[in-house]
Amino acid sequence: MTLKKYSIPFNKPHLCGQESEYILDAVSSGHISGNGKYTAWCQKNIENRFGISNCLLTTSCTDALEMAALLLNIKEGDEIIVPSYTFVSTANAFVLRGAKIVFVDSKLECPNMDEDQIEQLITPRTRAIVPVHYAGIACQMEKIMDLAKKYNLYVVEDAAQAVNGYFKDSNDKRKALGSIGHLSTFSFHETKNIISGEGGMLGINEIDFLQRAEIIWEKGTNRSAFSRNEVSKYEWKDLGSSFLPSEITAAFLFAQLEKIENIQNRRNEIWNYYHLHLTSWANEYGIQLPHIPKYSTNNAHIFYMVFQNQVVRNRFINSLKSSGISTIFHYLSLHRSPYYSKKHGDRKLPQSDRYSESLVRLPLFYDLTSAELQFIVETILEFKP
Ligand SMILES: *Cc1c(COP(=O)(O)O)cnc(C)c1O
């Protein structure tokens, strides 16, 4: 029996160093429920850095999506255009309000929604388009915003994976992902680039939504306005729920935000190493690597590869596993899910299915060592698809 050289997980949460100090500070300052100074600091930090008009921290991206559905007054019979290749919450948040999900296929070049297939899916009942910036790679936001304008629809960017990602418009002007749609949602789950365990954020670029968003955020009350002394009592004003995280979570997140450049640099180094060393091998075997369109930057959230089929993909996962390297596949097409396939019907979404069956993600986390990275690449290069 040979000893395994390494045991490399797919992901390992990175600690920036200041997390426990800030948590301790939050605790000793006596305010550990939500909407305190760390929440305000995180929100300001992100608003300023990324040009998102207003941000509200949430306990998850799932929560931020649910807030978006409430804010848009989504109701029974409304239709929402969502990619099939995404996390369940992107669709579920709207289904909770009674909406019908109209799934759109992915692109050939990357798992993002195919913007050229959206218009044919729009009906008089369509209310919103929800682009998901898969792997932090931008969707074609110019085309999507133009369609939204033409048909009077809202755009909610699911930017869960897209922190520090940018869209470059046709004038080469950079706009941060999450600053373009009417609303946007982020995740700080431990698998994302910037983390707080569980955590998320709603971005509000349409200023008219702000007042109601604060009410929905605070259980349907105007407590936020009350705490700013704008009203003399707080009361039940609207629908809402408990969407805000505690200051403990916000303190953790703030320590991460302070180190965002450092985190991004290391992730990009790892991503670029994979790309440099795997490209000719991938070309030789017809394996699809991440494609960064001209209109997108790369935030190095995911390094994925797409094999010819599921059999080879699974053989690859097992082969790397036997060398102590954990690689994992990703979403299963939502239009074929046990919960939604009947409601979807039999309209085919072949690209989404292809990514479901054949995509795999490589380990990518801050603390991955250069020796481990080299070992992963060497092991992959020995694999014969
Ligand atoms: C991670 C993720 C979510 C969910 O984020 P949570 O913070 O865990 O709720 C939603 N959408 C996409 C595209 C994601 O990657």
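Both counts, for ligands and for their atoms, begin at 1 and track the order of listing. Hydrogens, waters and symmetry mates play no part in the numbers below; they use all other heavy atoms, side chains included.
- When each atom of ligand 1 is checked for a heavy atom of C61 under 4.0 Å away, the hits are 4 (C), 5 (O), 6 (P), 7 (O), 9 (O), 10 (C).
- For atom 15 (O) of ligand 1, the closest non-hydrogen atom of the protein is Q161 NE2, 2.8 Å.
- The shortest contact between atom 9 (O) of ligand 1 and any protein heavy atom is with T62 OG1, 2.5 Å.
- Every atom of ligand 1 with a heavy atom of V132 under 4.0 Å away is listed here by number and element: 13 (C).
- Only the side chain of A160 comes within contact range of ligand 1, with a heavy atom under 4.0 Å; no backbone atom does.
- Judged by a 6.0 Å distance limit and a 45° cone about the ring axis, K237 is not positioned over the six-membered ring of Y234.
- To the nearest 0.5 Å, atom CD of residue E214 and atom CG of residue D238 are 13.0 Å apart.
- For ligand 1, the atoms closer than 4.0 angstrom to any heavy atom of K192 are 1 (C), 2 (C), 14 (C), 15 (O).
- Proximity to G199 (heavy-atom distance under 4.0 Å) selects the following atoms of ligand 1: 7 (O).
- K143 is linked by a salt bridge (Lys or Arg N to Asp or Glu O under 4.0 Å) to D116, counting only residues two or more places apart in sequence or in another chain.
- At a 4.0 Å heavy-atom cut-off, ligand 1 touches Y331 through the side chain alone.
- Two rings, from Y274 and W271, have their centers 6.0 Å or more apart.
- The protein heavy-atom contact nearest to atom 3 (C) of ligand 1 is F87 CD2, 3.6 Å.
- Around CD of E230, the count of heavy atoms belonging to other residues, nucleotides or ligands within 6.0 Å exceeds 12.
- Looking from atom 11 (N) of ligand 1 to the surrounding protein, the closest heavy atom is D158 OD2, 2.8 Å.
- Atom NZ of K175 sits in a sparse spot, with 12 or fewer heavy atoms from other residues, nucleotides or ligands closer than 6.0 Å.
- Heavy-atom separations between A64 and ligand 1 are all 4.0 Å or longer.
- Shown here are the salt bridge (Lys or Arg N to Asp or Glu O under 4.0 Å) partners of R361, two or more places apart in sequence or in another chain: there are none.
- I129 pairs with exactly one of I80, L121, L153, V156 by the side chain to side chain contact (heavy atoms under 4.5 Å, CB included) rule, that one being L153.
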